[in-house]
There are 2 protein chains.
Amino acid sequence: MESSTATGGGSTGGGGGRREATRQKLYEAAVTLIAEQGFSATTVDEIAERAGVAKGTVYYNFASKSVLFEELLRHGVGLLTASLREAADRSAKEGGGTVAALDAMIRAGLVFIDRYPAFTQLYVAELWRTNRAWQSTLMVVRQEAVAVVEGVLRKGVESGELSDEIDIPLTAAALVGMVLVAALDWQSFQPERSLDDVHAALSRLLQGRVGGNR
Amino acid sequence: MESSTATGGGSTGGGGGRREATRQKLYEAAVTLIAEQGFSATTVDEIAERAGVAKGTVYYNFASKSVLFEELLRHGVGLLTASLREAADRSAKEGGGTVAALDAMIRAGLVFIDRYPAFTQLYVAELWRTNRAWQSTLMVVRQEAVAVVEGVLRKGVESGELSDEIDIPLTAAALVGMVLVAALDWQSFQPERSLDDVHAALSRLLQGRVGGNR
DNA sequence: GTTTTTGCACTGACCAGTCAGTTCAAAAGC
DNA sequence: GCTTTTGAACTGACTGGTCAGTGCAAAAAC
C-alpha cells in the first residue's frame, strides 16, 4: 500500500509517496541505532543499511546526519506533546479535577514511552547536553512538553485545588522526570512489570500515599 | 575551583602520589568533555590537552579510552552511593523516621548533583544505553545506588510507617528519577533557583502536598 | 636506578559527505 | 500503440580527513 503509487494525488512535491516512505524508514532505523549507541557512535552507513537503502539516499533526503537527527527529535516530541495534551483535555472533559488530569498525563506518558522506548531513551540522553548543534531545538521542544504539565498545575492552583505554595516549573520538571525515569527503568530493568503496575506506583507517589499524610 | 568531577574530594594531595594526581586530572578533564559532547565525540587528544598532559600519559595510566571512562563511572557512583547512605544513616540516628530519611537523601542527592553536575549528566545519558561495553558496569553501579533508597523504603514498610502496598523497586526508581531530572533541569534551565527551593519543591511532592490529601 | 611523563611521528581503520552514473515510471512525441 | 525523453529518486565507489592506539628515546621525578 505504500510505494507502488507514484501518483501522489494532491500532495506537494514531485515524487509522491515514495520519498516519504523512505524518510520514514530512515527515521525508524536512526532512532533505534542512536538510542542504542548515541549520535556520534552511529554511522550513516549503519542507518542506511538498517533502513535498507543506499547511503546516498540518506543525503538525498536529509542535508546531513544532524539534520536527520533534529527532524527526528522534532517529530517525536511533537507526538509526545500531543498525547499529553489530549490526555489532559479528555480528563478535563470528564470533570475529574486537577489530580485526575495529572494522573491521566502520567498514564499517557507511560503509554508513549512503552510505544516509543528508543525515542525516549535518546531524548533523555541528549536533553541536558550542552555544546551541541541541536541544543536549541531540544530546548524549545522540551519547553513545549513541560508547558503542558505546567498548564495543568497552574489551573489547579487557580481553582484552589492545589496549594499556591507549589513551585510550578520545578514541580512540573520533577513530575516529568519521575515518569521518564521510572518508565525507562521499568523497560530496562523490570520489563516483566505491567504498565498498570508502574502507573499505580507513580499514582501513589503523586497522591502522597508514600511519604504523605498517613 | 569549579571542578565538576566526581573524582575529587577525599584524597588530599599528599597521599596518592604523582600517578594518582595525574589520574585525577584525567578524570576531571574527561568528565566535563564527555558530559558536554558524549563519549564518542570526545577525543583522547582533547582529554589529554585539557588535563595538561601528554597523550602518551593517558595510555600509560589507562589501558584504553573506554577503560578510563569505566573507572570514572565506578568512582563517581561510589561517591554518590556513599553520600546517600551517609545521609540516611545520619537521619536514622537523629530518629526522624522514614520520611525524614527520604527527605535527607533527596537533599544529599541535590548536593551531589550541585557539586558534580557534569558527572550526573553523563551518568543519565549513558544509563539506559544498551549495547555498550560498559553497560554491565553501569547496571551494577546503578543497582548499588537504587538499593540504598530501596533499603530505606523497606524499613519504612516494615516499621509500619509506609503502606505495604507500595512497590519498593518502582517507587525507588521514581524517587531517584524525580531528583535526578528536577536537579538537571534546575542546573540547565533555572540556575538562578537555590538548592533550598528545589529541595522544598521535591519535599512537597514527596510528602503528598501536591496531589495528596488536601 | 626505577617509575612516570613527555613529545612526536606514525599507522591503520573508520567515516561523513560527494558525485557520476543508473533506474524507472510518467509525460511527450510520433 | 510504441518509442523517446525527462527527471526525481536512488546507488555505491571514492575522497579527504579524523582519530584511537603504538613506539620509543629522552627527560623529569622520586
Side-chain angles (χ1 to χ4, degrees), chain A residues 1-34 36-72 126 131-134, chain B residues 11-31 33-34 36-72 131-134:
Chain A
M1 65 150 131
E2 345 72 19
S3 50
S4 56
T5 49
T7 50
S11 78
T12 55
R18 184 153 161 238
R19 190 159 189 207
E20 202 44 51
T22 303
R23 291 169 73 102
Q24 198 62 37
K25 279 194 292 181
L26 285 170
Y27 281 148
E28 257 163 60
V31 97
T32 323
L33 287 166
I34 296 177
E36 278 168 5
Q37 307 178 325
F39 175 80
S40 310
T42 300
T43 68
V44 175
D45 286 289
E46 277 177 310
I47 295 173
E49 193 193 343
R50 163 111 36 140
V53 133
K55 187 178 188 174
T57 304
V58 177
Y59 285 93
Y60 182 78
N61 283 281
F62 299 95
S64 69
K65 187 186 171 188
S66 21
V67 166
L68 163 55
F69 183 55
E70 264 184 88
E71 297 197 8
L72 195 56
E126 295 297 334
N131 265 10
R132 288 198 104 39
W134 52 79
Chain B
S11 67
T12 45
R18 191 151 144 258
R19 191 161 187 205
E20 202 45 47
T22 302
R23 292 169 72 104
Q24 287 296 336
K25 281 194 290 182
L26 284 170
Y27 282 149
E28 251 166 65
V31 92
L33 288 166
I34 295 177
E36 277 168 7
Q37 308 178 325
F39 176 79
S40 310
T42 301
T43 70
V44 175
D45 287 290
E46 274 178 312
I47 296 172
E49 193 193 341
R50 162 108 40 138
V53 133
K55 187 179 184 179
T57 305
V58 177
Y59 285 94
Y60 183 79
N61 283 280
F62 299 95
S64 69
K65 185 186 172 189
S66 21
V67 166
L68 162 56
F69 183 56
E70 260 183 272
E71 297 195 10
L72 192 59
N131 265 10
R132 285 193 106 39
W134 52 78

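Remember, predicted model here, so these are calculated numbers, not experimental data. In what follows, chains carry the letters A, B, and so on, assigned in the order in which the sequence lines appear, proteins first and then strands, with residues in each chain numbered from 1.
When heavy atoms are screened at a 4.0 angstrom cut-off, V53(B) is found touching the sugar-phosphate backbone but no base atom. S66(A) comes within 4.0 angstrom of nothing in the nucleic acid, heavy atoms only. Within the 4.0 angstrom heavy-atom criterion, only backbone atoms of the sugar-phosphate kind lie near T42(A); the bases stay farther away.
Between the C1' atom of dC30(D) and the CD atom of E20(B) lies a distance of 16 Å, rounded to the nearest Å. The separation between F62(B) atom CZ and dT4(C) atom P is 13 Å, rounded to whole Å. Distance CZ (F69(B)) to P (dA20(D)): 14 Å, rounded to an integer number of Å. In this entry the distance linking CD1 of I47(A) with C1' of dG17(C) reads 13 Å, nearest Å. We find that NZ of K65(A) is positioned 17 Å from C1' of dT18(C), with the value rounded to whole Å.
In this structure, of dA20(D), dT11(D), dC10(D), it is dC10(D) that holds the atom nearest to the side chain of N61(A). For R19(B), the side-chain atoms get nearest to dT4(C) when compared with the rest of dC10(D), dT4(C), dT6(C). Closest contact between the side chain of T57(B) and the listed nucleotides dT11(D), dT5(C), dA16(C) involves dT5(C). In this structure, of dA16(C), dT5(C), dA20(D), it is dA16(C) that holds the atom nearest to the side chain of Y59(A). The side chain of D45(B) lies closest to dA20(D) when the candidates are dA20(D), dC15(C), dG12(D).
Contact check, Y60(A) against dC10(D): no side-chain N or O comes under 4.0 Å of OP1 or OP2. Put simply, T22(A) has a side-chain N or O that comes within less than 4.0 Å of OP1 or OP2 on dC10(D).
For the pair I34(B) and F39(B), the tightest heavy-atom approach, listed with the atom from each and the gap, is CG2-N, 3.7 Å.
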Exercise for the section: Take I47(A) and L68(A) through the side-chain contact (heavy atoms from CB on, under 4.5 Å) test and state the conclusion after the steps. Expected result: CA-CA 11 Å; I47(A) 295 173; L68(A) 163 55; 4.3 Å; yes
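No side-chain donor-acceptor contact under 3.5 Å links E20(B) to the backbone of G17(B).
The side chain to side chain contact (heavy atoms under 4.5 Å, CB included) test with F69(A) singles out one residue from Y27(A), W134(A), F62(A), and that residue is W134(A).
A donor and an acceptor atom sit less than 3.5 Å apart, one in the side chain of K55(A) and one in the base of dG17(C).
Interatomic distance, CG of N61(A) versus CD of E71(A), reported as 10.0 Å (0.5 Å rounding).
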